[in-house]
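Proteins get letters first, then strands, A, B, ... in listed order; numbering begins at 1 in each.
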Number of protein chains: 2
Amino acid sequence: MHSVSEENYIKTIYHLQDGKSLVSTNDIAGGMNTKASSVTDMLKKLADKNLAEYIPYKGTRLTQNGINCATQIIRKHRLWEVFLVEKLDFSWDEVHEVAEQLEHIQSRKLIDELDKLLEYPKYDPHGDPIPDAQGNYEKTAKTAISKLEKGQSGVLAGVHDTSTRFLQYLDKHQIELGTQIQLLELEAFDGSCLIKTDLKELHISKTIADNLYLKVL
Amino acid sequence: MHSVSEENYIKTIYHLQDGKSLVSTNDIAGGMNTKASSVTDMLKKLADKNLAEYIPYKGTRLTQNGINCATQIIRKHRLWEVFLVEKLDFSWDEVHEVAEQLEHIQSRKLIDELDKLLEYPKYDPHGDPIPDAQGNYEKTAKTAISKLEKGQSGVLAGVHDTSTRFLQYLDKHQIELGTQIQLLELEAFDGSCLIKTDLKELHISKTIADNLYLKVL
DNA sequence: TTACATTTTTAGACAAGGCTAAAATTTAAT
DNA sequence: ATTAAATTTTAGCCTTGTCTAAAAATGTAA
Ligand SMILES: [Mn+2]
Ligand SMILES: [Mn+2]
Ligand SMILES: [Mn+2]
Ligand SMILES: [Mn+2]
C-alpha cells in the first residue's frame, strides 16, 4: 500500500500534530533525522496521495485518510511492543527499535490475531493507549510531575521519552508504570524536585519531571 | 546490515544452488520475477560484498558468508511460519506471504526469543527443517511419491510447492503432514497414480505426486 | 566448422528517497 | 518600513534497484 518511508512520515506528522493546526516542515525534519528539503519533497507526494494537506511555506496536516493510516501504524507498533514484553521477555527499554520495524508489516489478519493472542491490551509497555481496529483509543488525562502542585500525588501512567537511557534510569530507581509518586518539593529556581515513592525519596531534574506522567489521585 | 533486496537474492540463490556448482543468471531471474539484467547488476554487488562468487557468463555461487546469511534468513522465515500457525491460528497455506516480510526483521534477540517461545521447533508447517542459531539443520531423506515403487508406503514429511492453491487442495482431501500414504498404482503413460490414506483412496496427477514428499517406511 | 539460437552483459533510462547549495518566502527586530 | 534572521522551497546531484534494447558471449545443430 504505502512505502515504509511514507508510513514513517505519516506517523511523525501525526505525533507532531497534537493540538496544532499545522505541522512545520522543519519540525518534521527534526523528528525524522532528515533534511527540510527531503521533507518538502515527501509532503508533495503525500498530498498527491490524499494523505496530507500541504500549504507551501505554511505547513501540513494529515487528511482523515492520513489519520486513519497513522492510527493503524501506531496500533501495530504498540501491539508489537506488548508482544515483545509479554511473550518474548523483552524489557520496556528494548522494544522500541524492533517495533519500529514490525509496525510496517502488512497483514490485517496478523495484527488482529496478535491482538487476540495478547487479549486485547489497552496500553503498551510505556503506558500509551493502543488504538482498536477502528482506530479509536482513549486519551486519558495524564499530568507531568513538573506541572503538579507541591504535595499532590498520583500513579505513574506514562513516560514521554522512551529512550533506553531514560527507561534504564527509571529501572535503576525502581520506578515503573503503576508506581505511586508524591511531589514533596518543587524548586522554583531550576524546576528540579523531590519526589517520594513507596520505596524511597528521590531528587530529579526538571527534564525528568517533564517526562514522567501521572494519573493524579 | 543487508538490504531486503540483497537478502531476497541471497535466499533465492541458496535455494537454487542445491547440488549444482553454479547458479545461472536466468534461473535467478526466473525465481525472483525480475529480468536477467537486473540480476547481473545485483550479482556484482553481492560479489563486492563477499556474499557471492560471480563468474561472468558462467554463473554464481554463494560464499560461506552468503550461505550463513541465507540460512539465517531461512531460519527466520520458518520460525515465523511456526509462530503464525501455532500461536496465531493461521493455516499452513496462509503463512508464506507474511513470513516473506517478517524474515527481514533485524534483531538477534527477537529471533532467539521467538525460538524459545515456540520451544525450539525442528520443522516448519510445511515439513521443512529449521536451521538452529548456528545455521545447522538436518537434511532428512524425503522421496517424492512419483519416485516410489508400486506398493511402497510412507508418511507425508514435506511438500515442494507451498502455494495456497496446492495446500488447500491437500486440505480438501484431508492430507496433512504425518498422513500415512501408500502408492497403490503408478500409471506409466502419464505418471499419474492412485494413492491410499487411512481415510480414502485418491487419484493424483504426476504434478501432485512430484510435490508430495514421503519419509518412506 | 559455420550459422543460428539462447544466454548474459552492457548501455542508457527511470522512480524513490535522500543530500547540498542557492533562491525565495516569511518572521522578527530595529 | 527596512533590514536581518530564520524557514522553506527549488535546482541539481547521488544511490539503490529496476527496466528495455542492443551488443557480446556461449551453446547447438547441421
Ligand atoms: Mn515505541
Ligand atoms: Mn511505546
Ligand atoms: Mn514459506
Ligand atoms: Mn515453509
Specify the separation, in whole Å, of atom OH of A:Tyr9 and atom P of C:dG17.
9 Å
Find the distance B:Lys35:NZ to C:dA13:C1' and express it as a whole number of Å.
15 Å
Here the distance between atom P of D:dT8 and atom CE of A:Met42, to the nearest Å, is 18 Å
Is the ring pair A:Tyr213/A:His160 parallel, tilted or perpendicular, if the boundaries are 30 and 60 degrees?
perpendicular
For B:Gln106 and A:Val98, indicate whether the former's side chain and the latter's backbone hold a donor-acceptor pair under 3.5 Å.
no
If a protein heavy atom is under 4.0 Å from the base, mark B; if only from the sugar-phosphate, S; if neither, -; do that for nucleotides 9-14 of chain D going 5' to 3'.
BB----
Counting just side-chain N and O atoms, does B:Ser3 come under 4.0 Å of either OP1 or OP2 of D:dT16?
no
Test side chain to side chain donor-acceptor pair (under 3.5 Å) applied to B:His104 and B:Asn8, step by step
CA-CA 9 Å; B:His104 301 293; B:Asn8 283 330; 3.1 Å; yes
Closest to the side chain of A:Ser24, out of D:dT8, C:dG18, C:dT7, is D:dT8
Using a cut-off of strictly less than 4.0 Å, decide whether B:Lys45 has a side-chain nitrogen or oxygen near OP1 or OP2 of D:dT16.
no
Would you check if A:Val23 and A:Tyr14 make a side-chain contact, meaning some heavy-atom pair closer than 4.5 Å?
no
Is any side-chain heavy atom of B:Ile67 less than 4.5 Å from a side-chain heavy atom of B:Gln17?
no
Salt bridge between B:Lys44 and B:Asp48, side-chain N to carboxylate O under 4.0 Å?
no
Please report, rounded to the nearest Å, how far the P atom of C:dT7 is from the CD1 atom of B:Ile28.
14 Å
Indicate whether OP1 or OP2 belonging to C:dT8 is found under 4.0 Å from a side-chain N or O atom of B:Asn26.
yes
